[in-house]
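Letters A, B, ... mirror the listed sequences (proteins, then strands); counts begin at 1.
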Amino acid sequence: MGKKYWLIKSEPDVFGFDDLENCENQTEHWDGIRNCQARNFMRDEMQQGDVAIFYHSNAGPEVGAVGLATVASEKAYPDPTQFDPKSNYHDAKSTKENPRWLMVDFKWAKAFKRLVTLKEMKGSPELTEMLVVQRGQRLSIQPVEKAHFKAVCKMGGLAVKDLKEFGI
DNA sequence: GCCAACGTTGGC
DNA sequence: GCCAACGTTGGC
């Protein structure tokens, strides 16, 4: 089964690309996803080794794609924050027997040479169909077509040889 | 800080 | 199962 390509959003003030790089093993579990569609992507479609564009949302002029991360867990597994009453992500209706919310691990992979702003993506004729540039698109985990993925990587200054290891 | 777009909740 | 009200996301 081939790799799939994704875009994951995070607010840099909360957890940015640099924060992922500074994690132990440059890996962190992607907790706090509380959207069914995003959850289903993790549960049903993500596989270890899949590649994701790391996107900074809510970042003023810095809104955009900053680099790549890979799926580092074998599959999605229960997000523990849903069981923690003190967590912002607590879900009283979820049970350990039947957890509602799942997460995967992401590993920092490669930084773009330069930020690819949302504005640039919106201005790129190649990317008019990409989900992230669509008006009102709020999904925090999005599938990305390979051609779009490649185009964004190029805009980010990655060389063709840099992309080989990600199957692009 | 504003507000459009969207998802979720809950009454019926 | 509909849909109004509400809360959240996220660009600007």
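Look at CD1 on Ile141(A): it is 15 Å from P on dG7(B), rounded to the nearest Å. Separating the CZ atom of Arg100(A) from the P atom of dG7(B) is a distance of 17 Å, rounded to the nearest angstrom. Straight-line distance from the CZ atom of Arg34(A) to the P atom of dT9(B): 12 Å, rounded to whole Å. If you take OH of Tyr89(A) and P of dT8(C), they are 12 Å apart, rounded to a whole angstrom. Atom pair Leu131(A):CG and dA5(B):C1' shows a separation of 15 Å (rounding to whole Å applied). Atom CG in Leu139(A) sits roughly 15 Å away from atom C1' in dT8(B) (whole-Å rounding). Nucleotide dC6(B) holds its P atom 11 Å from the CD atom of Gln134(A), rounded to whole Å. Here the C1' atom of nucleotide dA4(B) and the CD atom of Gln137(A) are 14 Å apart, to the nearest Å.
Counting non-hydrogen atoms under 4.0 angstrom, Lys122(A) reaches the backbone sugars and phosphates but no base.
Two residues are said to be in side-chain contact when any heavy atoms from C-beta on lie closer than 4.5 Å; Gln137(A) and Val132(A) fail this criterion.
In this structure, the separation between CZ on Arg39(A) and CG on Asp44(A) is 8.5 Å, given to the nearest 0.5 Å.
The phosphate of dG11(C) has OP1 or OP2 within less than 4.0 Å of a side-chain N or O from Tyr55(A). Using a 4.0 Å cut-off, some side-chain N or O of Lys9(A) falls inside it from OP1 or OP2 of dG10(C). Phosphate contact (OP1/OP2 of dG11(C), side-chain N/O of Arg135(A), threshold under 4.0 Å): absent.
Minimum atom distance to the side chain of Asn35(A) is reached by dG7(B), of the listed dG7(B), dG10(C), dC12(C). Here the nucleotide nearest the side chain of Lys93(A), chosen from dG11(C), dG7(B), dG10(B), is dG10(B).
Using modelled atom types and a 3.5 Å distance limit, the side chains of Asp105(A) and Trp30(A) yield no donor-acceptor pair. Arg34(A) and Thr81(A) form a side-chain donor-acceptor contact under 3.5 Å, judged by distance and modelled atom types alone.
Heavy-atom nearest nucleotides on DNA chain B were determined for Arg138(A) and for Asn58(A), and the one closer to the 5' end corresponds to Asn58(A).
Because its NZ or CZ atom is both nearer than 6.0 Å to the ring centre of Phe83(A) and within 45° of the ring axis, Lys96(A) counts as a cation-pi partner of that residue.
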